[in-house]
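To keep things clear, I will list the structure first and then write my remarks on it.
Both ligands and their constituent atoms are indexed starting at 1 by order of listing. Below, all heavy atoms of this structure are taken into account, side chains as well, without hydrogens, waters or symmetry copies.
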Amino acid sequence: MSDLPNLMDGKKIADAMRAEIGDEVALRAKEGRQPGLAVILVGDDPASNIYVGTKEKACQAAGILSFVERMPADIDQQTLLNKVREINEDDRFHGLLVQSPLPKHLDEEEVVRAIDPRKDVDGFHPFNLGLLALNQPRFVACTPLGVMEMLERYNVDPSGKHAVVLGRSHIVGTPMALLLQRKAKGANATVTICHSRTQDIASYTRQADILVAAIGQANFVKEEMVKDGAVVIDVGINRVEDATKKKGYRIVGDVDFAAVQPKASLITPVPGGVGRMTIALLLKNTLLAEELIHNSK
Ligand code: NDP
């Protein structure tokens, strides 16, 4: 697949970014500075465990101080909030995130609000989402930020284009739409957001010069829903049963890749596309957090 001429190779870009980040960390080390990222992981969800382990390794590889606070699944809200506040005050850590999803009995929104917005490297705090809405972005959610980085590195200028975003979550769809429509270089698209209540989604997707799918529905975007020459960004990560695989499943995106790829001018694969970018952008946000805190001293 990697030899397809219209493939946007997330692994290649993420590897390049991680090398650049490693160089930047080395430069700061000469001034006695070390960016640090703390992650709070509640419970033992296997997928969350894997994500957190990957984040930890990526930090270590880049020279970023990494710390994971593991808390039991039956922790109460107050104990978790106290831990967040303790890390807010810990100068070694410039970035702090609480791995989602949290067990059902916990109030995730309250936990996110407790994170110091200056350390909110996930960009989920209302303060940072508000700054983005005001076109003063500081910390922006890593996945949509990764999409913007891919567009830039593949010389896709959204200016004046019609971008259609499928999905309106606070983690992906909403910040994605806000980033694309910003009055700023590398943005300036006209944006349409579609969601589960949108009627006749195909009538919108067919108009898209840039189509971003982030709905969590396997192979939802079919060939006839895509305009010739569109740039197709697939954020979706979905498990589908596959008896030929050892695990019994494989990962596919929200786009029917085999059918849509010949029609697209550029397209991201799943896996190996947007997913690869998310952690690289988390490292970049951690560097930004360290820089902002350093400059405010
Ligand atoms: P959410 O479940 O929070 O949001 C899904 C959004 O899609 C909602 O806005 C929902 O609409 C909309 N939606 C769901 N079904 C349909 C449908 N049939 N037609 C139209 N709209 C629909 O998911 P996330 O935003 O967190 O994630 C989206 C996908 O991206 C998932 O597959 C997830 O695994 C993946 N992901 C990938 C990441 C990466 O690193 N590559 C990181 C984060 C997520 P409504 O608002 O009306 O409910």
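Of all heavy-atom pairs between I293 and S296, the closest is O-OG, 2.8 Å.
What sits closest to atom 35 (C) of ligand 1 on the protein, heavy atoms only, is V235 O, 3.5 Å. In terms of protein heavy-atom proximity, atom 43 (C) of ligand 1 is nearest to V172 CG2, 3.8 Å. Looking only at protein heavy atoms, the nearest one to atom 31 (C) of ligand 1 is G216 CA, 3.6 Å. The protein heavy-atom contact nearest to atom 46 (O) of ligand 1 is R168 NE, 2.7 Å. Scanning all protein heavy atoms for the shortest distance to atom 15 (N) of ligand 1 gives Q217 NE2, 3.2 Å. Among protein heavy atoms, the minimum distance from atom 47 (O) of ligand 1 is reached at S196 OG, 2.4 Å. Closest to atom 12 (C) of ligand 1 among all protein heavy atoms lies I215 CG2, 3.7 Å. With respect to atom 34 (O) of ligand 1, the closest heavy atom belonging to the protein is I237 O, 3.4 Å.
Remark: ligand 1 atoms within the under-4.0 Å shell around heavy atoms of G236 are 30 (O), 32 (O). Under a 4.0 Å criterion applied to the non-hydrogen atoms of N238, ligand 1 contributes the atoms 32 (O). Numbered from 1 in the order shown, with element, the atoms of ligand 1 that lie under 4.0 Å from a heavy atom of G167 read 6 (C), 7 (O), 9 (O). Within the listing of ligand 1, atoms 40 (O), 41 (N) sit less than 4.0 angstrom from a heavy atom of G275.
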Handout entry: Stepwise side chain to side chain donor-acceptor pair (under 3.5 Å) test for N49 and R70
Key = CA-CA 10 Å; N49 248 311; R70 292 172 199 277; 3.2 Å; yes

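Residue R197 places no N or O, backbone or side chain, under 3.5 Å from any N or O of ligand 1. Where the criterion is an N or O separation shorter than 3.5 Å, residue side chain and backbone included, S169 meets it with respect to ligand 1.
For I201, the heavy-atom gap to ligand 1 drops under 4.0 angstrom. Ligand 1 lies out of reach of C194, whose nearest heavy atom is not under 4.0 Å from it. Residue T198 places every heavy atom at 4.0 Å or more from ligand 1.
Side chain of H105 to backbone of I75: a donor-acceptor contact under 3.5 angstrom is found. Proximity of a side-chain donor or acceptor of E89 to a complementary backbone N or O of E86 within less than 3.5 Å is not detected. With D234 contributing its side chain and V255 its backbone, the two residues share a donor-acceptor pair below 3.5 Å. A distance-only check finds a donor-acceptor pair linking the side chain of Q34 to the backbone of G63 [under 3.5 Å].
Taking a cutoff of 4.0 Å between a charged side-chain nitrogen and a carboxylate oxygen, R276 and E149 do not qualify as a salt bridge. Under the 4.0 Å criterion applied to side-chain N and carboxylate O atoms, K161 and D209 are not assigned as salt-bridge partners. A salt bridge links R28 with E291: the closest approach of a Lys/Arg side-chain nitrogen to an acidic carboxylate oxygen falls below 4.0 angstrom.
Of the candidates R33, R92, R118, K284, E290 forms a salt bridge (Lys or Arg N to Asp or Glu O under 4.0 Å) with just one, namely R33.
Counting only heavy atoms, the protein gets under 4.0 Å from atom 24 (P) of ligand 1.
Between the side chains of H162 and T192, at least one donor N or O lies within less than 3.5 Å of an accepting N or O.
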